[in-house]
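Any value given below was found using the heavy atoms of this structure, including those in side chains, with hydrogens, waters and symmetry copies removed. Numbers here are sequence positions counted from 1.
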Amino acid sequence: MTHFKPFIQQLIELRNTLFRAAVSFIIIFICLSFYANDIYSFFSAPLIAKLTDGNKLVSTGLTSTFLVPIKITAFVSFLLSLPFIFYQFWRFISPGLYKKEKKLILFSFVSGFILFFIGMAFAYYLIFPIIFNFFILMTPTNVSLMIDISNYLDLILSLLISFGLAFEVPVIIIILVTLGWVKVKTLEEARPYMIVIAFIISAILTPPDVISQFCLAIPLWFLYEIGLLVSKRINLKA
């Protein structure tokens with residue numbers, strides 16, 4: 001029985017960690033739910049700013065007017081609760097880590113968290129206006145454009161997540177080089193292939209249109225170069 005005690009204690013602590021992480025999300029979600037419509041208005045603003053008098057957002061489902069703001073609020077709540085969730089898991093795993101491993105994990109989370117929000121901000125303030133303006137201008141004059149809010153939610157979430165993940169590329173490269181899993185020279189030699197891969201990834205993550213794919217592929221390649229530059233400087237200092 002004594003052999004199983006540490007394992008049982010770890011399971012109990014893991015359960016408590018998961019519980020506290022879930023509670024942090026629920027508390028933030030409940031607080032933000034009172035502002036669900038305001039949050040939705042913020043995320044719909046880039047499209048509404050481009051719509052003309054004859055075009056508008058509509059709801060084709062009875063429950064969409066309630067569920068769409070709640071879904072986007074849940075998404076925001078999850079993002080805001082990530083630091084609290086990470087802290088709970090950090091308390092659980094940090095005692096068993098070496099100093100170098102702790103630094104790498106902290107760097108990965110902090111830089112990854114910041115870059116993810118920068119990626120979403122990049123999509124919201126720069127990419128959304130370009131994409132929405134292009135498609136609205138391409139609408140035939142005899143067509144009244146009415147966009148369902150559920151479809152719009154799916155579109156913006158896919159773009160926000162795609163750009164957020166794309167901005168993680170420098171962090172991933174730095175981690176791989178730091179761990180010694182790949183060399184900077186190898187990544188430099190793979191640069192031509194990375195350009196092709198960037199377009200393939202953008203084609204998978206973004207909606208099926210050329211504008212969205214280019215808007216993601218080009219920053220993806222640029223972030224790859226940033227990751228190489230930072231990794232090279234870290235190697236020189238080491």
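Within a 6.0 Å sphere centred on CZ of Phe19, heavy atoms belonging to other residues, nucleotides or ligands number 12 at most. For CZ of Phe42, the number of neighbouring non-hydrogen atoms (other residues, nucleotides, ligands) closer than 6.0 Å is greater than 12. Applying the 6.0 Å contact sphere to CZ of Phe107 captures more than 12 heavy atoms from other residues, nucleotides or ligands. For CZ of Phe84, the number of neighbouring non-hydrogen atoms (other residues, nucleotides, ligands) closer than 6.0 Å is 12 at most. Around atom NZ of Lys102, more than 12 heavy atoms belonging to other residues, nucleotides or ligands sit under 6.0 Å away. Crowding of Tyr87 atom OH: a count of heavy atoms from other residues, nucleotides or ligands under 6.0 Å not exceeding 12.
Between Phe25 and Leu80 the shortest side-chain heavy-atom distance does not fall below 4.5 Å. Between Thr17 and Arg91 the shortest side-chain heavy-atom distance does not fall below 4.5 Å. Between Leu79 and Phe75, some side-chain heavy-atom pair lies under the 4.5 Å cut-off. Val169 is not listed as a side-chain neighbour of Phe222, based on a closest heavy-atom distance of 4.5 Å or more. Taking the side chain as every heavy atom from C-beta outward, Leu176 and Leu187 never approach each other to under 4.5 Å. A heavy-atom distance below 4.5 Å is not found between the side chains of Tyr125 and Pro46. No side-chain heavy atom of Ile149 sits under 4.5 Å from any side-chain heavy atom of Val58. Inter-residue side-chain proximity for Leu216 and Phe199 is flagged as unmet; no heavy-atom pair is nearer than 4.5 Å.
By the 30° and 60° cut-offs, the orientation of the rings of Tyr124 relative to Phe43 is perpendicular. Between Phe167 and Phe122, the ring planes are tilted. Angles from 30° to 60° get that label.
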Exercise for the section: Decide side chain to side chain contact (heavy atoms under 4.5 Å, CB included) for Leu106 and Phe86; before the verdict, give the C-alpha distance in whole Å, the side-chain angles of both, and the deciding distance to 0.1 Å. Expected result: CA-CA 10 Å; Leu106 283 174; Phe86 173 78; 4.0 Å; yes

Practice task
List the steps, then state whether side chain to side chain contact (heavy atoms under 4.5 Å, CB included) holds for Cys215 with Phe163.
Solution key: CA-CA 9 Å; Cys215 287; Phe163 278 88; 4.2 Å; yes

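Remark: the Ser150 side chain and the Ser64 side chain contain an N/O donor-acceptor pair separated by less than 3.5 Å.
Ile173 and Ser231 make their closest contact through CG2-OG, 3.5 Å (heavy atoms, listed as atom of the first residue, atom of the second, distance). Annotation for Ser162 and Ser158: closest pair OG-O, 2.5 Å, computed over non-hydrogen atoms. Contact between Glu168 and Gly112 at its shortest, heavy atoms only, is OE2-O, 2.6 Å. The shortest non-hydrogen separation linking Ser108 to Ser111 is O-OG, 3.6 Å. Across every non-hydrogen atom of Ser33 and Ile30, the tightest pair is OG-O, 2.6 Å.
Atom CD1 of Ile200 is separated from atom CE of Met194 by 10.0 Å, given to the nearest 0.5 angstrom. In this structure, CG on Asn151 lies 11.5 Å from CD1 on Ile156, to the nearest 0.5 angstrom. Taken to the nearest 0.5 Å, the CG atom of Leu223 stands 12.0 Å off from the CD1 atom of Ile218. Between Leu47 atom CG and Phe128 atom CZ the span is 10.0 Å, to the nearest 0.5 Å. A distance of 11.5 Å separates CD1 in Ile72 from OG in Ser41, rounded to the nearest 0.5 Å. In this structure, Phe132 CZ and Ile136 CD1 are separated by 8.0 Å, a value rounded to the nearest 0.5 Å.
Tracing side-chain contacts under 4.5 Å through hydrophobic residues (I, L, V, M, F, W, Y), one reaches Val230 starting from Ile118; they form part of the same cluster. A continuous path of Ile, Leu, Val, Met, Phe, Trp and Tyr side chains, each step under 4.5 Å between heavy atoms, connects Phe78 with Leu160, placing both in one hydrophobic cluster. Hydrophobic clustering of Ile, Leu, Val, Met, Phe, Trp and Tyr side chains at less than 4.5 Å, counting indirect connections, unites Phe134 with Ile48. Hydrophobic clustering, with ILVMFWY side chains joined whenever heavy atoms are under 4.5 angstrom apart, groups Val110 together with Leu179. Tyr98 and Ile175 are not part of a single hydrophobic cluster, where members link through side-chain heavy atoms under 4.5 Å apart.
At least one donor-acceptor pair closer than 3.5 Å links the side chain of Thr73 to the backbone N or O of Pro69. For the pair Gln88 (side chain) and Ile85 (backbone), a donor-acceptor distance under 3.5 Å is absent.
Exactly one of Ile226, Leu228, Leu220 qualifies for a side chain to side chain contact (heavy atoms under 4.5 Å, CB included) with Tyr224. That residue is Leu228.
A search for salt bridge (charged side-chain N to carboxylate O under 4.0 Å, His left out) contacts involving Glu225 returns Arg191, not counting sequence neighbours.
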